2 protein chains.
Amino acid sequence: MSKVKKRTLINDIANHLEVSIATVSLVLNGKAKQSRISDAVAERVLKYVQEVGYKPNHLAKSLRTGKTHVIGLVVEDISNPFFATVAWLIEKQAFERGYRIIYCSTDNDPAKSKELISMFRERHVDGFIIVPSEGIEEEVSAILREQTPTVLFDRFLPDLVTNYIVVDGAQGTYEATLHLLEQGFMNIAFVTTDSTQTQMEARLNGYVRALEERQLPPLIKRVAASKDSEQLIADIHGFIKDNSTCDAVIFSTNYLSIYGLEAISRLQLQIPQDLAVISYDDHDLFRLYTPAITVIAQPVESIAKNVIDILLEQLQQPSDQAIANNHSVVLPTTLVVRKSSVRQPAPAPAARKKAAKKK
Amino acid sequence: MSKVKKRTLINDIANHLEVSIATVSLVLNGKAKQSRISDAVAERVLKYVQEVGYKPNHLAKSLRTGKTHVIGLVVEDISNPFFATVAWLIEKQAFERGYRIIYCSTDNDPAKSKELISMFRERHVDGFIIVPSEGIEEEVSAILREQTPTVLFDRFLPDLVTNYIVVDGAQGTYEATLHLLEQGFMNIAFVTTDSTQTQMEARLNGYVRALEERQLPPLIKRVAASKDSEQLIADIHGFIKDNSTCDAVIFSTNYLSIYGLEAISRLQLQIPQDLAVISYDDHDLFRLYTPAITVIAQPVESIAKNVIDILLEQLQQPSDQAIANNHSVVLPTTLVVRKSSVRQPAPAPAARKKAAKKK
DNA sequence: CTGAAAGCGCTAACAT
DNA sequence: ATGTTAGCGCTTTCAG
């Protein structure tokens with residue numbers, strides 16, 4: 001009795017096969033050819049390894065090689081479908097190329113971000129993929145200084161020279177605003193958060209630019225980036241109620257839109273008759289909603305592919321050869337026009353409903 | 001130049017302080033007292049360690065001690081708010097007690113579950129928390145045989161003696177059904193998936209039992225556990241349309257309810273006037289929806305607490321002392337009554353709206 | 001009270 | 001062509 005759980009070791013393999021442990025290691029690491037190990041031996045090793053289901057001990061291997069084949073993924077909120085999707089795509093591709101992903105959410109909290117980066121460092125991740133919150137320049141500099149390959153996405157840190165993949169949010173909101181204007185909506189509001197991060201500012205700027213070109217005044221609501229959904233709904237509710245001339249609204253991110261839809265519903269406003277709606281970032285719900293919501297869609301597949309390609313490229317690079325060239329990629333958005341932003345064909349044929357609109 | 005990234009090692013500490021490396025190690029592991037190391041030395045060590053920000057190499061430590069302080073969490077779908085919440089709570093508590101969580105989603109796919117379990121095993125996790133999909137009895141047996149502490153939750157594997165935390169879903173749906181009957185809804189349908197897992201069967205059984213007691217016939221729709229949301233919506237849409245006498249419906253899980261709400265909305269049915277709705281499992285959306293949706297809420301905090309407490313208890317146990325006693329915990333649900341399941345007070349005072357009801 | 005030394009399981013340079 | 005061996009960084013007896 002006692003512990004019966006003895007794992008098979010490389011030693012056991014070597015002993016059983018009466019070859020040296022180095023031979024086994026070499027074969028297992030695909031270096032049989034270059035070490036001129038006979039095919040016969042190589043085959044015997046492989047066969048026996050297969051037979052007993054031997055798996056090398058990752059810990060020992062990593063300790064020896066200094067490589068863990070693990071990538072740390074630090075996102076804002078893994079339960080947000082945008083991040084969940086990108087993370088899933090990244091994980092899938094990384095897996096195929098022999099890398100594992102461990103992820104964590106920062107909730108956009110700098111302290112938590114720092115803690116997570118430091119935790120991943122302690123765990124010796126080979127590389128980082130980070131959706132940076134504000135104020136973590138120092139930590140990111142530190143990992144860069146250590147030559148750990150790192151890619152940022154969704155936003156970047158303007159003060160730092162790094163790889164990053166972002167989306168041209170300004171262009172996205174610009175197009176969306178033009179689309180609304182073309183549909184005849186003249187009082188377009190923009191609801192965003194109080195964050196000053198690059199991606200949020202860009203989205204706001206695109207909207208402002210479109211209006212400025214037409215010499216129309218912007219109408220901007222910044223809500224606090226709170227976790228309290230009722231509070232957010234109330235905020236948006238108040239804003240819409242106070243601006244009864246407003247006939248269209250663009251939300252700068254998916255969860256704001258969801259709360260916005262709830263606020264609009266509580267105000268008993270009809271979309272798009274009373275208020276047109278466009279959301280930045282797509283979501284299952286926006287497709288399913290009645291009416292379907294027009295969105296500025298981000299190219300999630302492309303984001304994921306770029307992120308992982310760039311990271312793996314640098315991971316494969318011999319570590320002594322400094323990583324001089326940083327990639328910065330800006331991807332385009334796509335305006336997906338659905339019912340929520342399209343003018344209705346005049347008084348609806350089946351005239352019905354409609355109650356308390358603005359007073 | 002060249003690699004300047006040298007990390008501080010325990011060696012460096014010992015050298016600098018002119019003490020032995022063992023002393024440093026002992027102090028760092030809180031064994032100063034029991035090894036009768038002078039407080040003076042202990043303090044010097046701690047101070048210097050702090051100063052240079054020394055962090056022991058986890059890999060080396062784990063290789064030596066055989067403990068990684070990592071727990072593998074295998075859930076069905078981390079982007080489902082139920083699992084996301086429980087995972088988050090578990091992570092938080094584990095963190096405080098020095099354990100890290102790595103998680104992965106199985107999508108309820110046995111092959112993927114097996115792969116993940118095996119991956120976690122290779123990574124030498126100290127313990128497992130698993131939401132088991134069907135058909136993974138063998139893999140779970142294997143980790144149990146290796147004496148790796150394991151806790152299942154949400155459902156269990158009837159053929160296996162393990163720790164598990166589940167919820168009394170049968171009681172939950174039973175109460176929900178009675179509530180609907182009391183409200184005067186007489187034709188209550190139950191929409192569930194085609195899964196035969198313990199938790200889904202229990203939820204169905206509670207509903208059936210309640211109706212049987214009143215000698216009412218059950219009306220059950222099983223939809224395929226597909227990923228295609230349009231397909232699911234269409235399925236539910238068809239079911240409701242074909243059963244026009246049905247005046248209430250219980251959905252067996254949160255995402256079914258979401259698709260169900262979409263189907264109901266497309267059918268232009270009013271909740272609860274035309275159709276009352278109850279969802280198993282709460283969700284932000286159900287609170288926010290108009291009307292708010294009645295739910296059978298699961299005690300997420302309690303689930304998380306039980307899971308982690310039991311796991312940590314076994315993790316702390318000296319490994320040679322076999323883990324004889326398995327815990328099985330069954331927690332109660334709570335019926336949270338909201339507008340969607342409450343009879344309206346006769347013709348609504350503010351009479352308005354309402355269009356095409358069933359034809 | 002402290003230090004020397006033996007590994008944990010594996011890789012890879014160096015012998016043979 | 002294959003075997004020997006020195007570590008990777010840490011913990012932990014066991015002798016001083």
Side-chain angles (χ1 to χ4, degrees), chain A residues 3 5-46 48-49 52-69 121-124 126 318-319, chain B residues 3 5-46 49 52-69 98 121-124 126 318-319:
Chain A
K3 317 187 193 179
K5 49 172 163 176
K6 281 178 69 76
R7 266 172 161 274
T8 313
L9 304 181
I10 196 169
N11 238 321
D12 305 334
I13 308 277
N15 285 154
H16 178 94
L17 259 32
E18 298 187 307
V19 298
S20 105
I21 140 178
T23 308
V24 179
S25 174
L26 259 3
V27 171
L28 252 32
N29 291 299
K31 300 189 177 155
K33 278 268 124 57
Q34 86 185 53
S35 307
R36 282 167 300 184
I37 286 168
S38 74
D39 288 3
V41 172
E43 210 164 306
R44 275 207 313 144
V45 171
L46 257 12
Y48 186 66
V49 161
V52 299
Y54 165 75
K55 301 266 188 232
N57 181 327
H58 269 280
L59 291 167
K61 194 168 184 160
S62 296
L63 179 59
R64 186 60 237 246
T65 60
K67 301 261 152 270
T68 54
H69 281 248
R121 266 214 283 176
E122 280 180 44
R123 299 232 160 258
H124 297 258
D126 288 352
S319 62
Chain B
K3 317 187 193 179
K5 49 173 164 174
K6 280 179 67 78
R7 265 170 160 275
T8 314
L9 304 181
I10 195 168
N11 237 320
D12 306 334
I13 309 275
N15 285 155
H16 178 95
L17 259 32
E18 297 186 309
V19 299
S20 107
I21 139 179
T23 308
V24 179
S25 174
L26 258 5
V27 171
L28 254 30
N29 291 297
K31 299 190 177 153
K33 278 267 125 56
Q34 84 184 53
S35 307
R36 282 168 299 184
I37 286 169
S38 74
D39 286 2
V41 172
E43 211 164 306
R44 276 208 311 144
V45 170
L46 257 12
V49 161
V52 298
Y54 165 75
K55 301 267 188 234
N57 182 326
H58 269 280
L59 290 166
K61 195 167 183 161
S62 296
L63 178 59
R64 185 61 238 250
T65 60
K67 300 263 153 269
T68 54
H69 281 248
R121 266 215 282 178
E122 280 181 42
R123 299 231 159 259
H124 297 258
D126 288 352
S319 61

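By convention in this document, chain letters (A, B, ...) are assigned in the order of the sequence lines, proteins followed by strands, and residues within each chain are numbered from 1. Computed from a prediction, not measured in an experiment: that's the story for all the values here. The figures here come from the full heavy-atom set of this structure, side chains too, leaving out hydrogens, waters and symmetry mates.
- H124(B) has its NE2 atom 8 Å from the P atom of dC10(C), to the nearest Å.
- Residue K61(B) contributes atom NZ, which lies 18 Å from atom P of dG9(C) at whole-angstrom precision.
- Residue N57(A) has no polar side-chain atom (N or O) positioned under 4.0 Å from OP1 or OP2 of dC8(C).
- Atom-to-atom, NZ of K67(A) to C1' of dG9(D) comes out at 16 Å; the value is rounded to the nearest Å.
- In this structure, I10(B) atom CD1 and dA4(C) atom P are separated by 14 Å, rounded to whole Å.
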> Should Y54(A) and D12(A) be marked as a side-chain contact (heavy atoms from CB on, under 4.5 Å) after you check the CA-CA gap, both sets of side-chain angles, and the distance that decides it?
Replying inline: CA-CA 10 Å; Y54(A) 165 75; D12(A) 305 334; over 6 Å; no

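- In this structure, I13(B) atom CD1 and dT11(D) atom P are separated by 12 Å, rounded to whole Å.
- Two residues, S20(B) and T65(B), neighbour DNA chain C, and the one matched to the more 5' nucleotide by heavy-atom proximity is S20(B).
- The closest side-chain heavy-atom distance from L63(A) to N57(B) is below 4.5 Å.
- For E122(B), the CD atom counts as densely surrounded, since its 6.0 Å shell holds more than 12 non-hydrogen atoms of other residues, nucleotides or ligands.
- Distances were taken from every side-chain heavy atom of S25(A) (C-beta onward) to each of dT2(C), dC10(C), dT11(C); the shortest belongs to dT11(C).
- Atom P of nucleotide dA4(C) and atom CG of N15(B) are separated by 11 Å, given to the nearest angstrom.
- Here dC10(C) presents its C1' atom at 12 Å from NE2 of H58(A), a figure rounded to the nearest Å.
- Following rounding to the nearest Å, L26(B) (CG) and dT12(D) (P) show an atom-to-atom distance of 8 Å.
- If you check dG9(D), dC10(C), dT11(D) against the side chain of A60(B), the one that comes closest is dG9(D).
- Interface remark: the R64(B) side chain does not form any donor-acceptor pair with the dG9(D) base, using a distance-only criterion of under 3.5 Å.
- At a threshold of 4.5 Å between non-hydrogen side-chain atoms, the residues V52(B) and H16(B) do not count as touching.
- Taking 4.0 angstrom as the limit, Y54(A) places none of its side-chain polar atoms (N or O) nearer than this to OP1 or OP2 of dG9(C).
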> Can you check side-chain contact (heavy atoms from CB on, under 4.5 Å) on K61(A) and N29(A), steps first, answer last?
Replying inline: CA-CA 11 Å; K61(A) 194 168 184 160; N29(A) 291 299; 3.6 Å; yes

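- Remark: side-chain polar atoms of T68(A) are paired, donor with acceptor, to backbone N or O of H124(A) under 3.5 angstrom.
- Within 4.0 Å (heavy atoms only), L59(A) reaches no atom of the nucleic acid at all.
- Nearest to the side chain of I21(A), among dT11(C), dT2(C), dC10(D), sits dT11(C).
- Looking at the side chain of L63(A), the nearest of the listed nucleotides dG3(C), dG9(C), dT11(D) is dG9(C).
- Using a 4.0 Å cut-off, some side-chain N or O of K31(A) falls inside it from OP1 or OP2 of dA12(C).
- Here S38(A) lies in heavy-atom contact (under 4.0 Å) with sugar-phosphate atoms only.
- Between T23(B) and dT2(C) there is no side-chain polar atom (N or O) within less than 4.0 angstrom of OP1 or OP2.
- Distances shown here put every side-chain N or O of N11(A) at or beyond 4.0 Å from the OP1 or OP2 atom of dC10(C).
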